[in-house]
Amino acid sequence: MAAPAPDPQHAPGPGLDPVRDTSPGPCPVRDTSPGPDADAPPGPDPLTVPSMSAGPDFGLRPWEMSDLSLVREAAQDPYIPLITTIPARYSDKAAEEFVRRQWDRAANGTGYPFAIVRSRDRRPVGAIGLWLRDLPEGRASIGYWMVPSGRGQGVARAALRSVTGWALRDLGVPRLQLFIEPWNTASARIAEDVGYRHEGLLRGWQQVGDERRDMAVYGLLNNDGPVGGRAVASN
């Protein structure tokens, strides 16, 4: 599980960060009266989150209110609530607010949040997001997490490969990056399998729970060639 980059709506990097999001619902009423910033440039355009395949066994789609069971399972994990805005104490209200935040991120143009679902029964088993806060500088971040019932099935690798290829090929993002805690060797292997290159250690990079944690940074450029005999995801 890659540690998500910080939420683009709460910037200071697989996105979903430990800062609790207090943004409004997906359709807030807008004040259209002119103000002191009336001549300011418009914000990012709304994004449409597509549905796509992640190999024969999994798919990616926009979040739905039917995904509350996924939020419930994620809330019971000891790590996921520390690095995401998943509520540490589950309630239907908190889960619904989490889903609405995902809708907000697309509506506000800050990223593409996907639920990961198993093809055979359409059960949601995780989440992955492509976050665009730094796109004006030519880079974007990916963050992802899987609940216990979705682990050990190749879900994260399939989802990361699909989103990476889509971002490089179809969106033309020049650079993608992941931030992974150094102890998380499973996520590091997944990143390297997809073609990301380990670029270094960022000390005290991200708040995780009540402490600052180091993060290893993995990068993939749109024009990168094969790594260790493996083709990058866009090839």
Side-chain angles (χ1 to χ4, degrees), residues 1-25 63 67-105 108 110-111 113-116 124-134 139-152 155-156 159-160 176-191 196 198-219:
M1 176 162 42
D7 185 339
Q9 295 189 71
H10 298 281
L16 310 172
D17 82 340
V19 178
R20 295 304 168 193
D21 189 335
T22 57
S23 56
W63 279 82
D67 294 328
L68 297 192
S69 61
L70 174 60
V71 180
R72 181 190 297 274
E73 187 174 356
Q76 297 170 353
D77 186 88
Y79 187 61
I80 293 174
L82 296 180
I83 60 168
T84 75
T85 60
I86 285 284
R89 293 185 178 180
Y90 179 86
S91 70
D92 287 347
K93 181 177 183 293
E96 290 168 2
E97 289 173 350
F98 174 84
V99 173
R100 290 191 180 96
R101 285 196 294 273
Q102 312 319 304
W103 296 343
D104 285 344
R105 286 162 177 153
N108 295 335
T110 55
F114 296 92
I116 307 171
V125 295
I128 189 167
L130 174 68
W131 310 115
L132 307 180
R133 175 176 65 89
D134 293 327
R139 58 182 180 267
S141 301
I142 295 179
Y144 56 87
W145 51 263
M146 306 295 139
V147 293
S149 64
R151 295 172 191 166
V155 185
L160 180 60
L176 296 174
Q177 52 196 19
L178 301 171
F179 301 93
I180 300 173
E181 288 202 63
W183 60 261
N184 196 341
T185 56
S187 277
R189 285 195 301 271
I190 289 169
Y196 288 81
H198 179 238
E199 296 178 337
L201 181 71
L202 301 170
R203 295 183 301 142
W205 177 254
Q206 186 168 329
Q207 189 77 19
V208 178
D210 59 0
E211 61 181 312
R212 301 294 301 183
R213 298 274 187 91
D214 297 345
M215 293 286 164
V217 59
Y218 290 77

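Positions are given from 1, in the same order as the sequence printed here.
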Starting at CG of Leu132, measure out to CZ of Arg105 and round the result to the nearest 0.5 Å.
12.5 Å
Restricting to non-hydrogen atoms, name the atom on Ser91 and the atom on Ala94 that form the minimum distance, rounded to 0.1 Å.
OG-N, 3.0 Å
Could you tell me the separation between the CG atom of Leu82 and the CD atom of Gln207, rounded to the nearest 0.5 Å?
10.5 Å
Using modelled atom types only, decide if a donor and an acceptor are shared between the side chain of Asp67 and the backbone of Leu70 within a distance under 3.5 Å.
no
Correct closest heavy-atom pair for Val71 and Ala95 would be CG1-CB, 3.7 Å
Just by modelled atom types, is the Phe98 backbone N or O under 3.5 Å from a matching donor or acceptor in the Gln102 side chain?
yes
Could you tell me the separation between the CG atom of Asp214 and the CD1 atom of Ile180, rounded to the nearest 0.5 Å?
14.0 Å
Between Asp77 and Ile86, is there a side-chain heavy-atom distance shorter than 4.5 Å?
no
Do you know the tightest heavy-atom contact between Ala140 and Leu130?
CB-CD1, 3.9 Å
Quick one: pull up OG1 in Thr185 and CD1 in Ile190 and give me the separation to the nearest 0.5 Å.
10.0 Å
Short side-chain to backbone donor-acceptor contact, Arg151 and Met146, under 3.5 Å
yes
Calculate, to the nearest 0.5 Å, the distance between atoms OG and OH belonging to Ser187 and Tyr218 respectively.
9.0 Å
Could you walk me through whether Trp205 and Val217 pass the side chain to side chain contact (heavy atoms under 4.5 Å, CB included) check?
CA-CA 10 Å; Trp205 177 254; Val217 59; over 6 Å; no
Would you please test Glu73 and Ile80 for side chain to side chain contact (heavy atoms under 4.5 Å, CB included) and show each step?
CA-CA 10 Å; Glu73 187 174 356; Ile80 293 174; over 6 Å; no
Keeping the roles fixed (side chain from Glu181, backbone from Arg213), state whether a donor-acceptor pair exists under 3.5 Å.
no
Just by distance, do the side chain of Trp63 and the backbone of Trp103 share a donor-acceptor pair under 3.5 Å?
no
For residues Gln177 and Arg139, report the shortest heavy-atom separation together with the two atoms involved.
NE2-CD, 3.8 Å
Hey, could you give me the CG/CG distance between Leu68 and Asp92, rounded to the nearest 0.5 Å?
6.0 Å
Between Tyr79 and Trp145, is the gap from one ring center to the other below 6.0 Å?
no
Smallest separation among heavy atoms of Leu201 and Pro182, with atom names:
CD1-CG, 3.7 Å
Which pair of heavy atoms, one from Ala74 and one from Pro81, lies closest together, and at what distance?
O-CD, 3.7 Å
So, the side chain of Ser141 versus the backbone of Trp131: is there a donor-acceptor pair under 3.5 Å, distance only?
no
